[in-house]
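Comments concern the structure below.
Lettering follows sequence order; numbering is per chain, from 1.
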Amino acid sequence: MMALPPLRQSAAPSLRMTIRSIGIAGLGLMAVVVSLTDVIARVPAGTDHVGPPLTPPSALFQFGTDLFGRDIASETLHALAVTVDTASLAMLVTILAGGFAGFVAARLPWGLGFLLRWIVGVLTALPPLFLAILCIGLSNRGLAPLYAGLAASPLAFVRAFDRARALGTSPHADYARATGVSAMTLLRRDLTYELREGILAVAARALAAVTIILSTVSFFGFGSAPPNRDLGLMIASARETYIGAWWTAAFPIVALALLILFARLAAGLEEGERP
Amino acid sequence: MSEPLLSVKELTIRREGSARPELDRFSLAIERSETVIMLGEADAGKDALMRVLAGAPLEGEAVSGAVQFGIGLAMSADQLSPAPVRLAYLPGPAMRPLSAHASAASQLARVVARRTHVPRASAHAELGLVLQRLKGAPALGALETSPAALAPDVMAWGLLAAAFAATPELLLVDHLLVGLPPTSARALARALVAEQERQRFAILYNAMSTEVARWLGGRLIVMRHGRIVEEGPVARLATAQAHAYTQTLLKPVTPLAGNPISPRSVRGQAVVQALGISLKSRDKLTFELRRGGSLALIGELESGRHALARQLIGLERIQTGRVVFDAVDIGVLSETMMSRLRRRVAVIAGADDVLDPRLTVSDTVSEPLRASLDLPRRLVAGYRDAALKRVGLSSLDNDLTVAALSAFDRRRLQVARAIVSAPVFALIDEPLRGLDAFAQSVMRDLLRSFRAEEEAAFLVITSDMTVAQALAENAMIFKDGHVIERGPLADILRAPREAYTRSLIEAASPAL
């Protein structure tokens, strides 16, 4: 018998880490683009007659123009900025009213948490989009980000509640209680680590959900109003022209799809790495 | 001279990014019907060897060397084809080898069917016959449930029967008895020896504790850092070791006949008084545990020991009777007040998941101080570092998370946490469970020193008489929710009244 050289080589780099990086990098790139919108965009939002109506993509108008001669590239950038701004606000509402509230509710005494979980569980049976349209229709469209955030909250609440319950009944929580660590300290500890390790996942997941809700609401005419058009409204306004002038709808759709895709990539991967 | 059944030559296993190989130019030959026990710490390289021989090396492990089974051709160790000898791999229940989504019996029958090339129904019947043959084994019906619902010893019997049903020539046994109650472990070891005599197979046993070597006999290979430290017959190495490391591993545990703990003064304040509290049965228990005193709750799984301990520290509602903890009747306390009272309780448990895996080493040890006292950071760091030094973890990076630590380090971290909390009551729950021989030896000494230096009342939950003997003077023997015997441990060891107590004492003796 003779010793043979090693043939087995190192494992491939983690696919998960790669995809996660793509998601985060994509969101980062979008954040940079949004913050530089006023610099990059050729004209302010809603400026018409910049060029001839329905000009196809060309060297002068890279994304073409729409029916009113508006530059699609500038309009898409402004709409992306509006979408990201409103979605960020809605995301914060989802994190607070869903994730945070669910986590705290799981530790409430006397079964109050379970009662809340049950009520919110019933709400999860309703489609978030329906909830958002209902709330906006009953109040006003200026509160669309708030209602979109609230509409996405039930699922986040349930997820956070279940996670907090699992942590609260884990062997290490039992051990901590046995050695005199108070319920409040345990809650603080869990929240700290969840924020540190899971906030990106929660935020990205919420961002994807509320972006879909807000864009759809705007598409149906319940959300943003001109001149602050978001991507949903921009796609809706291209309904009459996209058959003959595809570029009027294609670029806002691509921007919206990329935003949701990057958010989902970042969210899904963080989820898998949670302890 | 006949060919050895298994011959391993210059086997080296190296994990990607690791400075030192898991196994370093390891050579081994096993004859037919021979028993070879590999003993060492968790990183000794035994696990890597078993993985390679079982044909399942980890991703990223570079393997070189040669392996030859019987008179077959020598094979490159990184490309093992099916062995020309009948080889069976026998994992322990702690490794959770079966899926939770089908009954244990059906999964084991499938394994037997695949190995022996018979229909599933025949394999199922064969499994039942083997279980009938094994003394002390449960019936096949006990395995007709999800592995998640099975007691570890029942699962171990099933795995053992499946391995025997394959009529192996070589049995690779991987931590079979880890975490099992001593009486069950002993019965399984007996069955293994009896079946080896019957089938004449060779055994390569990856062991964590020295008991296995003493029970099975044969040849002992002591390993450390991927290399063989010492090798020889168990009978010789058990009494005369050439290497200091082997001496540490095989350090004799105090014989059960004597009582090594000198009686201590237990006139201190009563820390815990149990007044007529009941267990699963209707037995009423009354006892007290004073500062400096100790009590071992000895028994096996589900015998009522944990329920009693949880009632004593207010983690479970007391059904009847009262518990007075540190002069306070805990029955009248709110959860917040009870939590404050428990700040002087230390718990050292033999489970690896009791420490929060997200916490750092520093936070884990400092938490009891920060949670209950408003001490300056400098002082907290001082207590923390002193405790880590006492348990031999001072060289550990304080920012490492618990998840990155070995089982042995986690166990010592629990002791460090217990030290900083200056407890009045220490609950020690199967402290050596799942540790290798070296770690057991260190932990035993560490707990003895902890007990000697802290004036806490010690409540020891164990199924191992040697652990009880090392840490406690008094004992209660539990069986099926009843206390069947109680009194000074020395008296119980000298003259046990109950047959069950005698079986527990026998289980801790070195002879099978």
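Every pair passing ring pair (Phe, Tyr, Trp, His ring centres under 6.0 Å) that includes a residue from residues 86-114 of chain A is listed here, sequence neighbours excluded: A/F114-A/F161. Residue pairs meeting the side-chain hydrogen bond (donor to acceptor under 3.5 Å, both in side chains) criterion with at least one member in residues 338-347 of chain B, sequence neighbours excluded, are B/E335-B/R342.
Proximity to chain A at a heavy-atom threshold of 4.5 Å picks out B/R310, B/I313, B/L315 from residues 308-318 of chain B, in numerical order. For residues 91-99 of chain A, heavy-atom neighbours of chain B at less than 4.5 Å comprise no residues at all.
When all heavy atoms of B/S7 and B/P4 are compared, the closest pair comes out as CB-CG, 4.2 Å.
Using a 4.0 Å cut-off between charged side-chain N and carboxylate O, A/D190 and A/R107 make a salt bridge. Between B/D429 and B/R305, no side-chain nitrogen of the basic residue sits less than 4.0 Å from a carboxylate oxygen of the acidic one, so the salt-bridge criterion is not met. At a threshold of 4.0 Å, the pair B/D409-B/R412 counts as salt-bridged, since one of the basic side-chain nitrogens sits closer than that to a carboxylate oxygen.
Within 6.0 Å of CZ on B/R20 lie more than 12 heavy atoms contributed by other residues, nucleotides or ligands. Counted within 6.0 Å of CZ on A/F262, heavy atoms from surrounding residues, nucleotides or ligands total more than 12; the atom is thus considered enclosed. Counting heavy-atom neighbours within 6.0 Å of B/R227 CZ, excluding the residue itself, gives a total of 12 or less.
Counting heavy-atom pairs closer than 4.5 Å to chain B, the top-ranked of the candidates A/A183, A/P171, A/A176 is A/P171. Highest contact tally toward chain A, considering only B/V345, B/L427, B/L341, B/D353, is held by B/D353 [criterion: heavy-atom pairs under 4.5 Å].
Both the backbone and the side chain of B/L359 come within contact range of chain A, judged by heavy atoms closer than 4.5 Å. Within the 4.5 angstrom heavy-atom criterion, atoms from both the backbone and the side chain of B/Q414 approach chain A. Within the 4.5 angstrom heavy-atom criterion, only side-chain atoms of B/R417, from C-beta onward, approach chain A.
Ring geometry for B/F458 versus B/F450: interplanar angle of 30 to 60°, hence tilted.
Using modelled atom types, one side-chain atom of B/R410 and one backbone atom of B/D352 make a donor-acceptor pair closer than 3.5 Å.
Within the 4.5 Å cutoff, no side-chain heavy atoms of A/L214 are placed close to those of A/T83.
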